[in-house]
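Heads up, the thing below is written out as structure tokens.
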Number of protein chains: 2
Amino acid sequence: MNDSSIQLDSRERTLLRTLIESYISDGQPVGSRNLARASGLKVSAATVRNVMADLEDRGLIQAPHTSAGRVPTTAGYRLFVDSLLEVRKPSREQIDAIESRFDPGASTQDLLDSASSVLSQVTRMAGMVRLPRHRNVALSQIEFLRLGEGRVLAILVIDGREVQNRVLELERDFSQDDLQRMANYLNAHLAGKSLHTVRAELLREMREVRDDLDAQMLAAIDLGEQALGDEDPDDVVVAGQTQLLGYEELADMERLRQLLEAFNEKREILGILDQCIRGDRVQIFIGRESGLDWFENCSVVTAPYSVDGEVVGVLGVIGPTRMSYDRVVPIVDVTARLLGSALNVRGESPDSQ
Amino acid sequence: MNDSSIQLDSRERTLLRTLIESYISDGQPVGSRNLARASGLKVSAATVRNVMADLEDRGLIQAPHTSAGRVPTTAGYRLFVDSLLEVRKPSREQIDAIESRFDPGASTQDLLDSASSVLSQVTRMAGMVRLPRHRNVALSQIEFLRLGEGRVLAILVIDGREVQNRVLELERDFSQDDLQRMANYLNAHLAGKSLHTVRAELLREMREVRDDLDAQMLAAIDLGEQALGDEDPDDVVVAGQTQLLGYEELADMERLRQLLEAFNEKREILGILDQCIRGDRVQIFIGRESGLDWFENCSVVTAPYSVDGEVVGVLGVIGPTRMSYDRVVPIVDVTARLLGSALNVRGESPDSQ
DNA sequence: TTGTGGCACTCGTCCGGAAGGAGCGCTGAT
DNA sequence: ATCAGCGCTCCTTCCGGACGAGTGCCACAA
């Protein structure tokens with residue numbers, strides 16, 4: 001990444017990796033003697049001390065106080081996950097265990113819930129799943145129901161399975177018969193097309209044929225336009241926040257509170273996940289890299305998931321920076337894949353339920 | 001309450017109250033010297049010691065260890081809130097501040113959200129609101145939409161404003177026309193009546209006229225029965241759980257975790273609130289009185305709220321047992337009243353939105 | 001030049017004991 | 001009944017010493 005990392009020779013790399021692994025596994029600053037032994041290198045502790053001094057100069061590790069062992073810095077972790085990390089492949093059993101949690105017959109919402117609780121339970125950290133963007137889902141049907149003076153309930157059936165409804169506030173009042181006719185008109189023209197297409201088509205018609213159509217149809221188009229407007233559900237599913245209470249490096253109450261608050265608000269979580277949606281592999285955020293100060297001592301591991309070859313969302317976990325990346329990364333990875341295929345299977349056979 | 005409390009003479013009562021107030025305000029065990037001074041009584045510390053020994057014998061206070069001051073027990077708190085507590089009336093400004101948080105134009109959901117976040121912010125503890133039971137709300141309209149083979153979407157419009165929809169899985173398949181006819185039948189017979197009445201009527205018809213009606217109508221009744229079945233939204237709105245992280249008497253991570261988990265699951269919270277729905281005034285639960293072990297060191301203050309003179313739900317706060325009941329009780333009380341009237345106003349003029 | 005062993009020094013942690021203070025129970029006097 | 005006094009218990013805080021882990025530096029060997 002940056003030039004200081006390029007200059008690391010093989011021994012330095014080995015020692016840095018061993019140091020970080022050791023620190024991750026027991027949370028204690030690691031000293032030269034132990035590091036020399038653990039590294040497997042045939043060098044003395046004194047030599048290791050010299051190397052450690054170099055690494056400290058480059059900002060990769062630091063000593064909490066004089067004559068304590070060394071601890072990785074954010075930059076150290078960064079280098080570690082970028083070029084030193086060797087992930088363990090998840091075992092067959094693990095994969096099966098995760099897969100068994102995805103019921104192919106379940107609704108989208110249930111699948112997302114499963115994914116985030118699987119993530120949280122398997123990693124013992126907090127799991128989160130960004131809702132899938134609606135890609136080329138087909139509009140099956142649209143209906144209107146008059147609620148009262150100028151208030152209309154629009155019901156969209158998508159993909160023959162999911163239902164959304166919205167209350168529209170209109171300028172003028174329509175009778176139920178009017179509404180029925182408009183729904184018929186829209187259904188005849190639009191049913192089966194993707195939401196995207198439908199919107200585009202409505203806008204086009206509105207511009208092109210404004211003068212040729214009778215008022216009724218114009219109103220219908222306008223209504224459809226309103227009903228379909230702004231449809232992406234900007235949300236995220238989280239699970240297992242409380243797992244984070246177990247990590248003593250997060251024991252600062254004020255920080256912890258900000259962290260949990262972020263999960264409640266969901267806004268910042270959403271921002272983080274949206275940053276990760278570009279890129280097609282597992283991504284890792286370390287500490288404050290994301291710019292949030294409550295993120296000290298926390299890291300995020302994310303992976304995008306896709307349906308039909310197209311990335312539709314991101315999922316991931318959030319936990320202490322001192323986490324077993326070699327274990328967590330493949331779990332997140334495989335969960336993303338499995339969620340993708342579960343959604344995929346579902347989308348192909350809407351009648352399977 | 002129990003007979004030990006009856007026997008308290010005036011001086012004992014004063015001392016117990018002073019002790020608890022003092023402990024609530026600074027969290028330290030209180031000794032005889034300080035208590036004698038704070039009580040305002042013209043007695044010496046030695047006399048106070050004697051009284052304290054009596055109170056300890058009756059299980060109202062206890063010493064954390066030999067020669068420490070005394071601390072109230074659960075029973076002590078109980079007696080305190082039942083017969084010693086003098087609540088401070090909330091100031092006009094406080095009431096106005098709370099009232100201003102309830103926007104009369106807002107939806108039910110928004111009002112409940114406001115209520116629970118007001119509770120949490122004003123008391124600096126966690127706030128919760130039990131969803132209102134649907135009482136005599138009128139069914140305005142019912143519609144059915146065919147989703148696919150045997151799957152039907154039922155749409156209920158209630159009170160002309162709220163919309164609920166449910167997906168029904170049916171044995172046999174109906175065409176959209178069939179469904180339309182059944183909806184017409186049900187609307188003609190039932191619209192405008194209360195949900196309660198409607199259910200009762202459907203059940204009665206089903207039993208009485210099973211043989212006289214044609215299959216179509218029978219099916220309609222059956223469908224309506226399914227669509228209306230089990231309609232109460234068993235849920236609760238919570239806010240400000242993270243406030244609880246600030247109290248050092250709840251600093252035990254494991255307990256804290258169970259506590260937050262309870263807020264996530266909502267089930268136990270619901271149980272607690274449901275216990276409080278009987279009774280028309282503020283109620284207080286102290287420590288494990290509710291039988292939950294994670295409740296150690298916690299208390300709940302609740303008040304029912306009513307619309308049209310009928311109790312429809314409960315709201316309250318949960319916080320450390322060592323809380324300022326004199327401040328919290330009136331806040332909960334007034335919030336319940338204001339939520340009630342906000343809902344009431346709203347219900348009377350369904351067109352105001 | 002690079003690695004190594006040795007040595008002095010720095011900190012943090014872990015007792016143990018002493019001092020101080022808060023508070024209790026008991027008793028005898030009013 | 002109330003109260004002052006006394007002896008006692010226990011918690012907290014502070015201090016100093018022992019210990020161990022670890023560092024930095026230097027002189028020396030390969």
Side-chain angles (χ1 to χ4, degrees), chain A residues 7-16 18-73 76 248-249 251, chain B residues 7-16 18-73 76 248-249 251:
Chain A
Q7 301 171 3
L8 289 190
D9 66 24
S10 146
R11 191 172 63 186
E12 287 171 320
R13 293 163 59 90
T14 307
L15 286 174
L16 178 57
T18 313
L19 185 147
I20 295 184
E21 282 168 353
S22 159
Y23 179 68
I24 284 176
S25 88
D26 24 301
Q28 296 299 326
V30 10
S32 53
R33 175 178 224 73
N34 289 328
L35 183 54
R37 184 145 28 83
S39 70
L41 261 35
K42 294 275 175 281
V43 296
S44 75
T47 308
V48 170
R49 279 202 284 281
N50 290 328
V51 176
M52 286 166 88
D54 288 353
L55 293 176
E56 183 159 25
D57 286 345
R58 301 196 215 198
L60 298 172
I61 59 179
Q62 70 186 36
H65 56 79
T66 331
S67 96
R70 302 307 217 292
V71 158
T73 62
E248 64 277 11
E249 58 260 57
Chain B
Q7 301 171 3
L8 289 190
D9 65 25
S10 148
R11 191 172 63 186
E12 287 171 321
R13 293 162 59 91
T14 305
L15 286 174
L16 177 58
T18 312
L19 186 149
I20 295 184
E21 282 168 354
S22 160
Y23 180 70
I24 283 177
S25 88
D26 28 301
Q28 297 298 326
V30 9
S32 53
R33 176 178 222 71
N34 289 327
L35 183 53
R37 187 147 26 84
S39 70
L41 260 35
K42 294 275 175 281
V43 295
S44 76
T47 308
V48 170
R49 279 203 285 281
N50 290 329
V51 176
M52 286 167 88
D54 288 353
L55 293 176
E56 184 159 25
D57 285 344
R58 302 196 214 197
L60 297 172
I61 59 180
Q62 70 186 34
H65 55 79
T66 333
S67 95
R70 302 307 216 293
V71 157
T73 61
E248 64 277 10
E249 58 259 58

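Quick caveat, the model's predicted, so the values are computed rather than measured. We name chains A, B, ... by the order of the sequence lines, and we start the count at 1 in each one. Basis for what follows: all heavy atoms, side chains included, without hydrogens, waters or symmetry-related copies.
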Query raised in the report: How close or far is atom C1' of C/dT10 from atom NE2 of A/His65, stated in whole angstroms?
Result: 10 Å
Query raised in the report: Closest nucleotide of DNA chain D for B/Ala45 versus for A/Glu56: which of these residues is on the 5' side?
Result: B/Ala45
Report task. Could you work out which one of C/dT4, D/dC11, D/dT23 sits closest to the side chain of A/Arg49? Result -> D/dT23
Requested in this report: Rounded to the nearest angstrom, tell me the gap between atom CD in B/Gln28 and atom P in D/dC11.
Outcome: 15 Å
**Report entry** Value rounded to 0.5 Å, distance of CZ in A/Arg70 from CD in A/Gln62
**Finding:** 10.0 Å
Query raised in the report: Does the side chain of A/Thr66 get closer than 4.0 angstrom to OP1 or OP2 of C/dC11 through an N or O atom?
Result: yes
Query raised in the report: Starting at CG of B/Asn50 and ending at C1' of C/dG25, how long is that distance when rounded to a whole Å?
Result: 9 Å
Query raised in the report: Heavy atoms under 4.0 Å, any strand shown: does B/Ser32 hit a base, just sugar-phosphate, or nothing?
Result: sugar-phosphate
Query raised in the report: Is there a donor-acceptor pair under 3.5 Å between the side chain of B/Thr73 and the backbone N or O of B/Gly59?
Result: yes
Query raised in the report: Is the backbone of A/Thr14 close enough, under 3.5 Å, to the side chain of A/Thr18 for a donor and an acceptor to pair up by distance?
Result: yes
Requested in this report: Check every atom of D/dG5, C/dC24, D/dC11 against the side chain of B/Met52 and return the nucleotide holding the closest atom.
Outcome: C/dC24
Query - Under 3.5 Å donor-acceptor pair, A/Arg33 side-chain atoms to D/dG22 base atoms - result: no
**Report entry** N or O in side chain of B/Arg11 less than 4.0 angstrom from D/dT2 OP1/OP2
**Finding:** yes
Query raised in the report: Which heavy-atom pair separates B/Ala63 from B/Ala68 by the least distance, and what is that distance?
Result: CB-O, 4.3 Å
Query raised in the report: From C/dT4, D/dA4, D/dG24, pick the nucleotide closest to the side chain of B/Ala46?
Result: D/dA4
Query raised in the report: In whole angstrom, what separates A/Leu41's CG from C/dG3's C1'?
Result: 12 Å
Query raised in the report: If you look at every strand shown and take non-hydrogen atoms under 4.0 Å, does A/Ala68 touch a base, only sugar-phosphate, or nothing?
Result: sugar-phosphate
Report task. Report yes if some heavy atom in the side chain of A/Met52 is under 4.5 Å from a heavy atom in the side chain of A/Leu15; otherwise report no. Result -> no
Query - Atom-pair distance (CD on B/Gln62; C1' on C/dG23), nearest Å - result: 16 Å
Query - Pair of N/O donor and acceptor under 3.5 Å linking C/dG25 base with B/Arg70 side chain - result: no
**Report entry** Contact letters for nucleotides 15-22 of chain C, in which S counts primed atoms plus P, OP1 and OP2 and B counts the base, heavy atoms under 4.0 Å
**Finding:** -------B
Query raised in the report: To the nearest angstrom, how far is A/Asp54 atom CG from D/dC25 atom P?
Result: 12 Å
Report task. Could you check how far CD of A/Glu12 sits from P of C/dG3, rounded to whole Å? Result -> 10 Å
Query raised in the report: With sequence neighbours left out, what residues match B/Glu12 under salt bridge (Lys or Arg N to Asp or Glu O under 4.0 Å)?
Result: B/Arg58
Report task. Kindly say whether A/Gln28 contributes a backbone atom to a donor-acceptor pair with the side chain of A/Asp26 at under 3.5 angstrom? Result -> no
